[in-house]
Chemist: 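Encoded as structure tokens, here's the structure I'll be asking about.
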Amino acid sequence: MHIERIGPAERSPLATEVMVPMRDGVRLATDVYLPGGDTTPGPVILTRLPYDKNGGYTALPEVAEYFLRFGYRIVVQDVRGKFRSEGERLLFVNEADDGYDTIDWITKQPWSNGIVGMWGDSYYGFTQWAAVSTAHPALRAIAPRVTGTRLGELAAPIPGTHTREVEMGVHRMYPLTMFHDQDMLMWQMDWTTLPYHDTVEKFFAQVGSRSASYDVWYPNPVRLRRFRHGSPFDAPAVPVLMTIGWWDNCAPWQWQDHREIQRRPHWAINEYLLIEAIDHESNSHFDRPWLGGGARPTPEERRATLPRYLGPAVEFFDVFLRGAGKPADIPRVRWQLANADPSFRVSETWPPPETTTITLYPSDATAARGKAPGGDLGPDRPAAGVEATWKHDPTGPVPSLAPDPFAYLLFHPDQRGNLDRPDVLVFGGPPLAEPLDLVGPVSLRAQVRADGPELDLFAKLFDLAPDGSAHLIARGQVTVLAAGPGRHVEVDLGHAGYRLPAGHALGLAIAGSDAPEFVPFWGQEGNRWAQTTASVTTQSITLGGPSGAALSLTVHRGTGS
């Protein structure tokens, strides 16, 4: 097993490191950047992350340098137990109090005017919500990107249903790479050998230590208490700029937060949405990064994207940290339409008011098991219901084609090969006479059945091009419990912002696996990391009739070509 250890990088010459004490005496390594060395009081932007405040992975020194141009004081901190910080490593649970204590320390510094904002992606978006939950009065605005209050949470039952979330492969891997010890430990899991936990034990033996964050999740998961002071949404609201990516694999958690915010009036009036054609690592669909064959951006290319990456946050903080402008100057919703142009459309609500919902029905079970475009996908529901079946073999699951799902657009794989598999049902609509703009939520209602104790149902919406290629637009998945007698389910495919060109067609694929991005169902109930045997199961979905599958799409009528 090859393990690459990545320790702390050299500190930026623009930063001064301070070891900031927390309430229990543990000191967290904190870099302070002052514009031109200016020590007079001013507003501060704080970022707290576990990925090395000086490292190349997140390029925080470059981010800090960009914010410095606009006169902000920047504070970047390694979270507890990571890189140069002291203390135990236990993901999520210390971020609320450590966030509060860090903000409190900032307010006492001579270069701070007592006004703090927070910015960052993924886990360092989560640390913003953790700080919000403590209601520190100095925290005036946050800008969480591609994140969520439930980021990284183990698969949980979906309330009011007989389903649960499908476990992602990264769920238990994250404590073994990013939160195992002080450094990052990069290694590849063997997804072909059962049980998975045995491979983890080999990793522990080789590295010479265990991961506390993994051990609390295996074999009997403990639900870690993220917000010991209560939900962030029960705290006083602060202005929030939510950046969501169409191809972000973590977007479902952020859309959950959006729905929760909209249920709470005091939060809803403080929410600003920025929905971009990006993946989790901010690769933009408009830059066609997959043409580089999966190559990571060079430092020069990354610097060129900083205005796109950080410009909206500067505009937002100028209003809510400096008072330079009015809240009405920030559009409530800005969104990009992939395959159109990169400009941002603006609306007061999401989805925009110029949208309508259409329903399409998959049919023709026999053709669906053939090659794309397979069965039909059209506006007419077949009168008679039939079952379309497939065999789910966990030893040969439907493969996840992007080598790194967090950087999906570096690959943006043509998925036509998966659509030709016998364990994938595919349905295609007719070629479009004119462009179709998909803007808003996508969902699938279905009745499914299996001869095993449960099944995973994956639904993917594709752009089927005239050359036969198939590219992902939206996707969703659920684990259906006690599926033997048949279950009615709804699969949330998230949201779309995508222009389907004339001559292209919509495609819908149904499958029982997507591995290793999602941990496959091995044929038995129980923890999938403990399974020692594999069983093939037969799974089915009803087409037509009153229980037939129905795909709901939101179509925008105001952006035509």
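All values reported here derive from a predicted model rather than from experimental measurement.
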Chemist: Do NZ/NE/NH1/NH2 and the carboxylate oxygens of R334 and E315 come within less than 4.0 Å?
Modeler: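 Looking at R334 and E315, the cut-off is met.
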Chemist: Is there side-chain contact between E4 and M184, with at least one heavy-atom pair below 4.5 Å?
Modeler: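 E4 does not reach M184 side chain to side chain.
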Chemist: So, the side chain of K82 versus the backbone of D181: is there a donor-acceptor pair under 3.5 Å, distance only?
Modeler: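 At least one qualifying donor-acceptor pair exists.
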Chemist: Tell me if a side-chain donor or acceptor on N418 pairs with a main-chain N or O of P399 at a distance below 3.5 Å.
Modeler: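 Flag set: sc N418 to bb P399 pair under 3.5 Å.
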Chemist: Got a donor-acceptor contact below 3.5 angstrom from the S211 side chain to the P175 backbone?
Modeler: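 Such a contact is found between S211 side chain and P175 backbone.
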Chemist: Check whether any side-chain N or O of E301 sits under 3.5 Å from a backbone N or O of T298 as a donor-acceptor pair, and report yes or no.
Modeler: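 Here the side-chain-to-backbone pair exists.
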Chemist: Under the 3.5 angstrom rule, does the side chain of Q182 hit a backbone N or O of F83 as a donor-acceptor pair?
Modeler: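 Flag set: sc Q182 to bb F83 pair under 3.5 Å.
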Chemist: Ignoring hydrogens and geometry beyond distance, is a side-chain donor-acceptor pair present between H229 and D234 at under 3.5 Å?
Modeler: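 Absent: no donor and acceptor within the cut-off.
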Chemist: Does R23 come within less than 4.0 Å of D104, counting only side-chain N to carboxylate O?
Modeler: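 No, this pair does not count.
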Chemist: Using only atom types and a distance under 3.5 Å, with no angle test, would you say the side chain of T47 pairs donor to acceptor with the backbone of W119?
Modeler: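 Confirmed, T47 side chain pairs with W119 backbone.
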Chemist: For the side chain of E95 and the backbone of T127, is there at least one donor-acceptor N/O pair under 3.5 Å apart?
Modeler: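 Checking the backbone N and O of T127 against the side chain of E95, no donor-acceptor pair under 3.5 Å is found.
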Chemist: So, H197 versus E201: side-chain donor-acceptor pair below 3.5 Å or not?
Modeler: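 Yes, E201 and H197 have a side-chain donor paired with an acceptor closer than 3.5 Å.
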